[in-house]
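My questions will all concern the structure given below.
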Amino acid sequence: MSKRIKELEEMAEILSIALAREQSTVLYYTEIYQKATTERAQKMIWTLLEEEKGHVIKIRSHINEIQSIIEAERKKLK
């Protein structure tokens, strides 16, 4: 395995850990949103929830991009 592939796999692994944490945070904010009793609290939590959802989307995109690069690198080695 090439050094570049190894580095890319490590990056993907790190991003996978970050993704799991962001997904956990989305669940947390979803739960507290449902428990919020005032409109003001719901709006604040909703804003945070949407930001976290955006993080999930970005991280998934980065992971997919890295996986595509890894596949291309592996094809070069064949």
Pairwise side-chain contact, Q23 with R60, heavy-atom cut-off 4.5 Å (strictly under): yes
K53 with E50: basic N within carboxylate O range, under 4.0 Å: yes
I66 with I17, same ILVMFWY side-chain cluster at under 4.5 Å: no
Lys/Arg N to Asp/Glu carboxylate O, E10 vs K6, below 4.0 Å: no
Over 12 non-hydrogen atoms of neighbours within 6.0 angstrom of CD in E13: no
E9 CD to Q67 CD distance, which is reported to the nearest 0.5 Å: 10.0 Å
Atom pair CD (E7) and CD1 (I70), whose distance is rounded to the nearest 0.5 Å: 11.0 Å
A20 backbone acceptor or donor facing S24 side chain under 3.5 Å: no
Value rounded to 0.5 Å, distance of NZ in K75 from CG in L77: 12.5 Å
Atom pair OG/NZ of S61 and K58 - distance to nearest 0.5 Å: 10.0 Å
Beyond-backbone contact of K76 with E73, side-chain heavy atoms, under 4.5 angstrom: yes
Separation of I45 CD1 from I32 CD1 (nearest 0.5 Å): 4.0 Å
L19 reachable from I14 in the ILVMFWY side-chain graph, under 4.5 Å edges: no
Euclidean distance, L15 CG relative to E22 CD, rounded to 0.5 Å: 11.0 Å
Ion pair check, R74 and E71, cut-off under 4.0 Å: no
Test item: H55 and V26 side chains (from C-beta on) under 4.5 Å apart, heavy atoms: no
Sequence neighbours excluded - ring-ring contact (aromatic ring centres under 6.0 Å, His included) pairs with any residue from residues 2-54: Y33-W46
